[in-house]
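For reference, the structure discussed in these notes is given below.
Quantities reported herein were computed from a predicted structural model and do not represent experimental measurements. Labels below follow one simple rule: chain letters A, B, ... track the order of the sequence lines, proteins then strands, and each chain is numbered from 1. Any value given below was found using the heavy atoms of this structure, including those in side chains, with hydrogens, waters and symmetry copies removed.
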Protein chains: 2
Amino acid sequence: MTEPYLGEFEQTVLLAILRVGDDAYAIPILDQIHEHTGRRVARGALYTALDRLEAKGCLRSRVGEPLAERGGRARRYYTVTPGALRALKQARASLLRLWRGLEARLDSKS
Amino acid sequence: MTEPYLGEFEQTVLLAILRVGDDAYAIPILDQIHEHTGRRVARGALYTALDRLEAKGCLRSRVGEPLAERGGRARRYYTVTPGALRALKQARASLLRLWRGLEARLDSKS
DNA sequence: AGTCATTTGCCTGCATTGTAGGACAAATAC
DNA sequence: GTATTTGTCCTACAATGCAGGCAAATGACT
């Protein structure tokens with residue numbers, strides 16, 4: 001499989017999922033994104049991203065058992081696929097390569 | 001000015017411009033992108049990105065003197081604005097925050 | 001039982017970005 | 001003057017980013 005292109009937001013989502021771990025469903029993912037980036041995105045925005053990532057083979061999902069809790073609609077849990085992991089690492093490497101040596105020059109200004 | 005949103009490719013372009021430095025026009029920028037990311041984008045793709053970045057206030061441009069060289073059409077040189085620089089740093093910081101602590105966990109697989 | 005609030009998922013639509021291909025411009029070489 | 005080289009721009013379409021609102025499922029309250 002050719003490594004798919006990952007947009008900026010898609011990368012963020014994938015990383016957030018990895019951070020949350022096994023129990024990654026929409027709300028904690030959203031929290032994670034907000035916590036680490038300060039961005040507050042709408043749920044709908046996240047779900048479309050999740051759908052498209054799954055369609056591209058970057059994610060697998062399973063619906064959990066309906067919970068016996070207050071507002072218990074069944075959650076959908078997500079897992080990052082190995083291919084997406086590779087793409088992620090590659091994107092990160094490119095970014096770092098482009099940044100390398102730039103910090104010094106840029107800190108003198110700003 | 002509110003910090004504008006920067007897509008993945010836009011970030012790449014801005015960083016490449018910073019790397020190239022004062023003489024940054026389309027072709028060297030393209031080379032820089034290819035050299036550091038392996039991506040080979042079409043010139044047209046780059047120009048539209050440059051246009052949009054300038055429209056968003058992320059870039060300034062000036063046309064140089066027509067060169068007295070073989071194919072000497074006037075070049076358009078680009079400079080990154082301070083606001084774009086801030087946005088760039090912020091995006092990088094977010095990404096790194098999301099990555100932090102993840103490498104260890106991920107290297108064990110793949 | 002019948003609402004009501006709560007938690008979560010999903011659909012629909014539009015805005016913004018990503019990307020290529022080729023037309024056009026200006027200059028030199030012959 | 002026509003071919004060649006180096007560059008810029010225009011046009012069009014695909015992919016991503018993003019939100020608002022509706023639907024589903026459950027416990028709580030009366």
Q.
Between P on dC18(D) and CG on Leu30(A), what's the gap in Å once rounded to a whole number?
A. 12 Å
Q) Arg52(A) or Arg75(A): which one's nearest nucleotide on DNA chain C is closer to the 5' end? A) Arg75(A)
Q) How many Å lie between CG on Asp51(A) and P on dA15(D), as a whole number? A) 16 Å
Q) To the nearest Å, how far apart are Phe9(A) CZ and dC18(D) P? A) 6 Å
Q) Nearest nucleotide by nearest heavy atom, which residue falls closer to the 5' end of DNA chain C, Arg73(A) or Gly44(A)? A) Arg73(A)
Q: Could you tell me the separation between the CD atom of Glu54(B) and the P atom of dC10(D), rounded to a whole number of Å?
A: 12 Å
Q) How long is the line joining CZ of Arg76(B) and P of dA25(C), in whole Å? A) 15 Å
Q.
Nearest whole Å is fine: how far is dT17(C) P from Glu10(A) CD?
A. 15 Å
Q.
I'd like to know if the side chain of Arg97(B) and the backbone of His36(A) have a donor-acceptor N/O pair within less than 3.5 Å.
A. yes
Q) If only side-chain N and O atoms of Lys56(B) are considered, is one of them under 4.0 Å from the OP1 or OP2 phosphate oxygen of dT17(C)? A) yes
Q.
Between Arg76(A) and Arg62(A) (side chain of the first, backbone of the second, donor and acceptor by atom type, cut-off under 3.5 Å), is there such a pair?
A. no
Q. With sequence neighbours excluded, what pairs up with Gln11(A) under the side-chain hydrogen bond (donor to acceptor under 3.5 Å, both in side chains) test?
A. none
Q. How many Å lie between CD on Glu8(B) and P on dG17(D), as a whole number?
A. 10 Å
**Q.** Donor-acceptor under 3.5 Å (Glu10(A) side chain, Gly7(A) main chain)
**A.** yes
I'd like a list of close polar pairs between nucleotides 28-30 of chain C and the protein, N/O only, cut-off under 3.5 Å.
{"from": "dT28(C)", "atom 1": "O4'", "to": "Arg70(B)", "atom 2": "O", "distance (Å)": "2.9"}

(Q) Tell me which residues in residues 31-43 of chain A lie within less than 4.0 Å of DNA chain D, going by non-hydrogen atoms. (A) Arg39(A), Val41(A), Ala42(A)
(Q) Has Lys89(B) got a side-chain atom pairing as donor or acceptor with Glu103(A)'s backbone, closer than 3.5 angstrom? (A) no
Q: Determine yes or no for a side-chain-to-main-chain donor-acceptor pair under 3.5 angstrom, with Thr81(A) supplying the side chain and Gly57(A) the backbone.
A: yes
Q: Look at the side chain of Arg19(A) and the backbone N and O of Leu98(B), then say whether any donor-acceptor pair between them is shorter than 3.5 Å.
A: yes
Q. At under 4.0 Å, does any side-chain N or O of Tyr5(B) touch on OP1 or OP2 of dT16(C)?
A. no
